[in-house]
Number of protein chains: 2
Amino acid sequence: MNVNLKKLAEMLGLSQTTVSRALNGFPEVNADTRQRVLRAVRETGYRPNRAAQRLATGRAGSIGLVMPIAQGIDSDIHFGEFLAGLGEESVRHDFHFVINPSAPEDEELTFKRLAASGNVDALFLAYVRENDPRIAMLKSLSVPFVVHGRTVDQPTDYPFLDIDNTGAFYEATRLLIQLGHRRIALINGQSHLTFAIRRRKGMIRALDENGLTFDESLSHNSLMTDEYGYRAMERFLANPEPPTAVLCSSTVMALGAVRAITRAGLTIGKDISLITHDDVLPMLKPENFMVPLTTTRSSLRAAGARIANRLISRIGMASDAVEQELWRTELIVRASTGPAPSR
Amino acid sequence: MNVNLKKLAEMLGLSQTTVSRALNGFPEVNADTRQRVLRAVRETGYRPNRAAQRLATGRAGSIGLVMPIAQGIDSDIHFGEFLAGLGEESVRHDFHFVINPSAPEDEELTFKRLAASGNVDALFLAYVRENDPRIAMLKSLSVPFVVHGRTVDQPTDYPFLDIDNTGAFYEATRLLIQLGHRRIALINGQSHLTFAIRRRKGMIRALDENGLTFDESLSHNSLMTDEYGYRAMERFLANPEPPTAVLCSSTVMALGAVRAITRAGLTIGKDISLITHDDVLPMLKPENFMVPLTTTRSSLRAAGARIANRLISRIGMASDAVEQELWRTELIVRASTGPAPSR
DNA sequence: GCATCCTCCCAAAGCGCTTTGATATTCCGC
DNA sequence: GCGGAATATCAAAGCGCTTTGGGAGGATGC
């Protein structure tokens, strides 16, 4: 049958206390005793009952995630990839995930509930919006949290992990300008999300510095699916003055954009240049496109893993240090970018 | 601060027993009392402590999953998609997931441990191999389980959910033959996995019925990534007698195959026909390919959800009924299939 | 030699829930 | 009006762990 602490202690002729301490690395246990305990554990295959542990410690052993159910985000591949990283790391530390689907209007309440319920040791927030009210709320709660992304035009006095979206698209745009491009389109994520805002900002900055202006008719915002990518590109190409280059916020959108370009009989890297942000989705590699894509790269999965790590290490630490990380992206040049065609 | 059962009971002037029963739908509670309790719950925002519940009931409230860490399966998009379904459904029922990464050689031990630890109420098995020893082991354990897929050439006296892989590829092949194709290639998953075995079998059956034979030189087995799809197709096209049609086991592989075909200057649906199995990956829709793909379709995510459901409902039921489900796939004809080119 | 300090271990309380076994109270048939 | 259900409630035990508050015994200091 199953061994529990009590039986294990009996077998060893020790008290539960000592066994428990031996297992949890307390210093006041004799080294020999500890070895004996560890051997017994190995022999019996004893595994502590998590529920009992959680109950006794008051630590839920899980990190909470409020998942928006609106707008098909749940089936968003980017979110899934991020979760994979978060999950992988949580599993490694034997943490659970408590995912709470919630309609956007109930989100704050859901967070509050989660935090109060004690079912959760840490919270995590993604899909940051402009001036996101949820952040103030998280700060008021007494639960550690980490934000993926960060607000814009607002003090960022909270723990976050973000990538340098502005920088990424600034660099990308600059490269295109250096190659002689003057009309550059942007296929972006939803306009209320801060990463989209920053990418646009980065692009505008580069344009400004070179005396160019951002053309609203060459800009698209939506969920990042290949269908929207296709339609956006199709629209751009129908423009009286079509772009000679395009920036995509996701490889998924690029998939659609490439299709539209090819269908129009144009050649990528020659007639039109394309740079996409690459979240390093395992199944959609920009280097495998017919014309390998130039990208700004940053692994979404790695971000998830890192956040899980920080969340877990913060638990119980009560440290006041506000850790903030801003990851740089890499600009990787492949065949999809080339000099602007001369008219 | 946080309300717990005790406080709630005090507030209501009831015993913990009664409150607990009222909440868990026991019949011996007065309807009025129950209403009072429910109102108090709403007002105080009381949420039961899961850990305590689990400890008291002995139900872990979680389903276990032994995840192979070998061969990059963890980053396999198909697995992720399946998990998404499983996860969605688990969350709905407030169940946890306990994912245990494990090297293949330790898998059986890991299962045993998981089952014995009591940290898990149900187990689930995927990536069934030919004559999979893990199934016998699961049967010997006293934990409910459901298998995704099923063994081949072996009694299937255990609960499973599978799709009709044989039928899917039989129908697909038959369609190609009716269109006049004689040389048909197969880009398949790893050869030890039963779904791959069955698909091949289905294809062979259709060929046999029409006096054709399966050509090993037009067959490929590997992990299902777009890179392998590309390479396999490239190899087939270099064949002295190249195929006029190809079957793919995944849209992801089809992505690579399409690239190889296009690069070779051939037109899909005309020079070469292609049918792929479609797991309904949210970001890779066969209808969005440049030439929309003919597919055999069955949602992987739906399968995950269904399995979670069955697992959860089996828990505590101790029913002996061995539920088995075999889902038919749909053959959806699009533009990637056409009559065989005349030589 | 006695007070003091470690070192190593223990008994028992407690985490918040469910469940068992009783106990009141009311209702029914005859 | 009485025995026996049926109804509605409760007190207390227990789930398996961690943690508090000691306490025995040997080493150390003076």
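Within every chain, numbering begins at 1; the chains are lettered A, B, ... in the order of the sequence lines, protein sequences first and strands thereafter.
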Worked check of salt bridge (Lys or Arg N to Asp or Glu O under 4.0 Å) between B/Arg310 and B/Glu325: CA-CA 11 Å; B/Arg310 276 177 53 183; B/Glu325 287 177 65; 2.9 Å; yes
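- Residues A/Tyr127 and A/Thr194 bring no donor and acceptor atom of their side chains to less than 3.5 Å of each other.
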How is the base pairing of DNA chain D summarised as a dot-bracket string, given the Watson-Crick and G-U wobble criteria with both distances under 3.5 Å, [ ] for crossing and | for another strand? ||||||||||||||||||||||||||||||
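- Among the heavy atoms of the strands, none lies under 4.0 Å from A/Arg50.
- Residues A/His148 and A/Phe124 have side chains in contact (heavy-atom distance under 4.5 Å, counting atoms from C-beta outward).
- When the nearest nucleotides of DNA chain C are assigned to A/Val19 and B/Asn24 by heavy-atom distance, the more 5′-ward of the two goes with A/Val19.
- Taking the 5' to 3' direction, DNA chain D first and last meets chain B under 4.0 angstrom from a heavy atom at D/dA8 to D/dG16.
- Residues B/Ser20 and B/Thr17 have side chains that never bring a donor and an acceptor to within less than 3.5 angstrom of each other.
- In summary, B/Asp279 and B/Arg301 do not engage in a salt bridge, as defined by a charged side-chain N under 4.0 Å from a carboxylate O.
- Between A/Phe195 and A/Ile163, every side-chain heavy-atom pair lies at or beyond the 4.5 Å cut-off.
- Residue B/Ser15 is the one, among A/Ala56 and B/Ser15, whose nearest nucleotide of DNA chain D lies closer to the 5' end (criterion: closest heavy atom).
- Within the nucleic acid shown, B/Gln53 comes within 4.0 Å of sugar-phosphate atoms alone, with no base atom in reach, counting heavy atoms only.
- Under a 4.0 Å N-O distance rule, the pair A/Asp121/A/Arg59 does not qualify as a salt bridge.
- In this structure, the CZ atom of B/Arg59 is 12 Å from the C1' atom of C/dT19, given to the nearest Å.
- Annotation: the span from A/Thr151 atom OG1 to A/Arg129 atom CZ amounts to 12.5 Å, rounded to 0.5 Å.
- Using a 4.0 Å heavy-atom criterion, one finds that A/Arg54 contacts no nucleic acid atom at all.
- Across the protein-nucleic acid pair, A/Leu12 atom CG and C/dC9 atom P stand 11 Å apart, rounded to whole Å.
- Remark: the B/Thr17 side chain and the C/dT19 base include a donor-acceptor N/O pair separated by less than 3.5 Å.
- Heavy-atom nearest nucleotides on DNA chain C were determined for B/Ser20 and for A/Ala52, and the one closer to the 5' end corresponds to A/Ala52.
- For the pair A/Gln16 CD and C/dC8 P, the interatomic distance rounds to 21 Å; values are reported in whole Å.
- Heavy-atom neighbours of A/Lys6 NZ from other residues, nucleotides or ligands within 6.0 Å: at or below the threshold of 12.
- When rounded to the nearest whole Å, the span between CD of B/Glu28 and P of C/dT23 equals 17 Å.
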